[in-house]
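Taking it in order: structure first as structure tokens, then the write-up.
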Amino acid sequence: MRELADWWDAVELWVTQLAFGFQVVLVILVVIPVCALIAAGLDRLTSRFDSPADRR
């Protein structure tokens, strides 16, 4: 677990040292698509709970 924390600290340090314009580009090209994929996956995973039960 410590290796993961060290890796994340290195990534965070790298991102914070980027110029603001590069940070914006990074968010647009990486963070937004990753969040959209996660949201679509969660939507697909939970869609079976959205439909009402069959009533007869």
Side-chain angles (χ1 to χ4, degrees):
M1 192 69 173
R2 186 69 202 157
E3 293 84 19
L4 179 63
D6 290 339
W7 174 81
W8 182 253
D9 286 341
V11 170
E12 183 181 18
L13 183 62
W14 173 74
V15 170
T16 57
Q17 290 178 348
L18 290 175
F20 180 73
F22 291 122
Q23 290 179 5
V24 171
V25 171
L26 183 68
V27 167
I28 291 171
L29 294 178
V30 177
V31 176
I32 291 175
V34 168
C35 289
L37 287 173
I38 290 171
L42 287 174
D43 183 53
R44 182 173 290 200
L45 182 67
T46 60
S47 66
R48 63 183 169 146
F49 302 113
D50 291 341
S51 61
D54 291 334
R55 295 184 182 182
R56 294 182 184 194

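- For R44, the salt bridge (Lys or Arg N to Asp or Glu O under 4.0 Å) criterion is met by no residue, not counting sequence neighbours.
- Linking ILVMFWY residues whenever their side-chain heavy atoms come closer than 4.5 Å, directly or via other members, places V30 and V15 in the same cluster.
- If you chain together hydrophobic residues whose side chains sit under 4.5 Å apart, V11 and L26 fall into the same group.
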In residues 3-10, what donor-acceptor pairs under 3.5 Å come from side-chain atoms, sequence neighbours left out?
unit_1, atom_1, unit_2, atom_2, d
D6, OD1, R2, NE, 3.4
D6, OD1, R2, NH2, 3.3

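- Residues F20 and I28 are members of one and the same hydrophobic cluster, defined by side-chain heavy-atom contacts under 4.5 angstrom among Ile, Leu, Val, Met, Phe, Trp and Tyr.
- In this structure, D43 CG and I38 CD1 are separated by 13.5 Å, a value rounded to the nearest 0.5 Å.
- In this structure V25 satisfies the side-chain contact (heavy atoms from CB on, under 4.5 Å) test together with L29, sequence neighbours excluded.
- For L37, there are no side-chain contact (heavy atoms from CB on, under 4.5 Å) partners at least two apart in sequence or on another chain.
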